[in-house]
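In what follows, a structure is listed as structure tokens, so that the remarks can point back to it.
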Amino acid sequence: MRPMEERDLDAIVTTCRDPDTLRWTTVPEGYTRADAEDFLRFVQGTWAAGTSANFVLTDAADRYAGSIDLRLSPTDPLLADVGFMTAPPARGRGYQPAALAALCAWGFTTLGLARIEWRANVGNVASRRAAEKAGFAMEGTARGALHHRGNRVDAWVGALLAEDLS
């Protein structure tokens with residue numbers, strides 16, 4: 001994992017145009033290089049503000065394999081949530097569960113978090129599998145919990161607690 005850089009933007013555009021990424025995330029349809037540039041500026045701004053830690057996952061050749069972020073709660077200093085997407089060529093290779101476990105361990109040990117939450121649209125089996133492999137316990141289904149492309153959709157909800165890593 002490393003900070004996002006300009007050299008990642010073309011791969012981010014490709015990932016954000018992928019049908020599975022569009023199906024399960026809120027990235028805009030018709031994602032462009034300008035959208036990726038805006039995202040990079042956003043990521044850099046939230047990092048500088050101390051509200052989010054955003055990273056890219058890379059393969060052995062340091063090529064973009066996905067993105068992951070840990071977003072701190074504005075109302076509870078011991079709570080955060082995670083979000084992630086994986087580049088199509090990197091799917092099923094274990095990058096995301098490994099990155100998720102490492103990012104959460106960092107959140108607990110360095111930031112002193114007590115709870116990290118994960119949510120995904122019901123049916124996003126790949127996201128759920130990554131969360132479970134990283135140690136997240138499924139807590140249930142929240143009805144109409146997410147706004148997705150003009151609709152309210154149900155979300156799977158899971159969490160990882162600091163004591164889960166002990």
Side-chain angles (χ1 to χ4, degrees), residues 1-18 20-22 24-28 31 33 35-74 76-121 124-138 156-166:
M1 293 185 340
R2 62 166 170 73
M4 186 180 296
E5 300 173 357
E6 189 170 331
R7 64 184 165 127
D8 301 312
L9 298 183
D10 290 337
I12 290 170
V13 171
T14 300
T15 299
C16 290
R17 289 183 172 189
D18 173 73
D20 282 335
T21 302
L22 287 167
W24 300 118
T25 71
T26 58
V27 299
Y31 200 88
R33 173 74 183 217
D35 292 320
E37 290 166 352
D38 288 344
F39 182 55
L40 176 59
R41 282 189 292 278
F42 172 78
V43 162
Q44 291 169 334
T46 60
W47 184 268
T51 58
S52 182
N54 312 81
F55 298 94
V56 297
L57 312 152
T58 62
D59 63 14
D62 199 32
R63 290 181 302 247
Y64 179 87
S67 306
I68 188 166
D69 57 282
L70 181 71
R71 301 171 294 247
L72 304 178
S73 168
D76 183 344
L78 301 180
L79 175 66
D81 69 272
V82 292
F84 50 86
M85 67 180 178
T86 307
R91 291 179 183 151
R93 297 175 180 243
Y95 289 109
Q96 208 55 261
L100 186 54
L103 184 60
C104 291
W106 176 78
F108 292 131
T109 59
T110 303
L111 303 179
L113 297 173
R115 178 181 169 90
I116 300 174
E117 296 177 342
W118 160 88
R119 290 172 196 234
N121 296 15
N124 188 345
V125 175
S127 181
R128 181 172 177 159
R129 188 174 303 125
E132 289 175 333
K133 285 180 180 180
F136 280 73
M138 294 304 108
W156 284 325
V157 179
L160 187 63
L161 305 179
E163 59 260 25
D164 293 341
L165 299 184
S166 303

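The chain is numbered in sequence order, starting from 1.
- Residues Asp76 and Arg115 are not paired through a salt bridge, judged by the lack of any N-O separation under 4.0 Å between the basic side chain and the carboxylate.
- Residues Ser67 and Leu57 share a closest heavy-atom pair of N-CD1, 4.1 Å.
- Residue Met1 is tested with Asn54, Val56, Thr58, Ile68 for a side chain to side chain contact (heavy atoms under 4.5 Å, CB included); the sole match is Ile68.
- Side-chain contact between Glu5 and Asp62 is absent, with no heavy atoms from C-beta onward closer than 4.5 Å.
- At distances below 3.5 Å, not a single donor-acceptor pair connects side-chain atoms of Asp69 with backbone N or O atoms of Arg71.
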Below 3.5 Å, can you tabulate the donor-acceptor pairs from side chains in residues 95-109 to any protein atom, sequence neighbours excluded?
{"unit_1": "Gln96", "atom_1": "NE2", "unit_2": "Met85", "atom_2": "O", "d": "3.2"}
{"unit_1": "Gln96", "atom_1": "NE2", "unit_2": "Thr86", "atom_2": "OG1", "d": "2.9"}
{"unit_1": "Thr109", "atom_1": "OG1", "unit_2": "Ala105", "atom_2": "O", "d": "2.8"}

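- For the pair Pro88 and Thr15, the minimum side-chain heavy-atom distance is below 4.5 Å.
- Residue Leu113 comes nearest to Pro77 through the heavy atom pair CD2-O, 3.7 Å, listed as atom of the first residue, atom of the second, then distance.
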Stepwise side-chain contact (heavy atoms from CB on, under 4.5 Å) test for Arg93 and Asp59: CA-CA 10 Å; Arg93 297 175 180 243; Asp59 63 14; over 6 Å; no
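- Salt bridge status for Arg33 with Glu6: present, with a side-chain N to carboxylate O gap under 4.0 Å.
- To the nearest 0.5 angstrom, Ile116 atom CD1 is 11.0 Å from Leu78 atom CG.
- The two residues Arg17 and Leu22 come nearest to each other via the heavy atoms O-CD1, 3.8 Å.
- With sequence neighbours excluded, the residues that form a ring-ring contact (aromatic ring centres under 6.0 Å, His included) with Trp47 are Phe55.
- The closest side-chain heavy-atom distance from Asp81 to Arg119 is not below 4.5 Å.
- Between Trp118 and Ser127, the side chains place a donor N or O and an acceptor N or O closer than 3.5 Å (distance only, hydrogens not considered).
- Taking every heavy atom of both residues into account, Leu160 and Ala134 meet most closely at CD2-O, 4.1 Å.
- Here Asp8 pairs with Arg2 in a salt bridge; the nearest charged N to carboxylate O distance falls below 4.0 Å.
- Here the closest non-hydrogen pair linking Val82 and Phe136 is CG2-CZ, 4.2 Å.
- The line from CD1 of Ile12 to OG1 of Thr21 is 11.5 Å long, rounded to the nearest 0.5 Å.
- Minimum heavy-atom separation, Asn124 to Ala120: CB-CB, 4.3 Å.
- Asp18 places none of its side-chain heavy atoms less than 4.5 Å from the side chain of Tyr31.
- Expressed to the nearest 0.5 Å, how far CZ of Arg7 lies from OH of Tyr64 amounts to 13.0 Å.
- Screening residues 39-50 for salt bridge (charged side-chain N to carboxylate O under 4.0 Å, His left out) gives Asp38-Arg41 as the qualifying pairs, with residues at least two apart or on separate chains.
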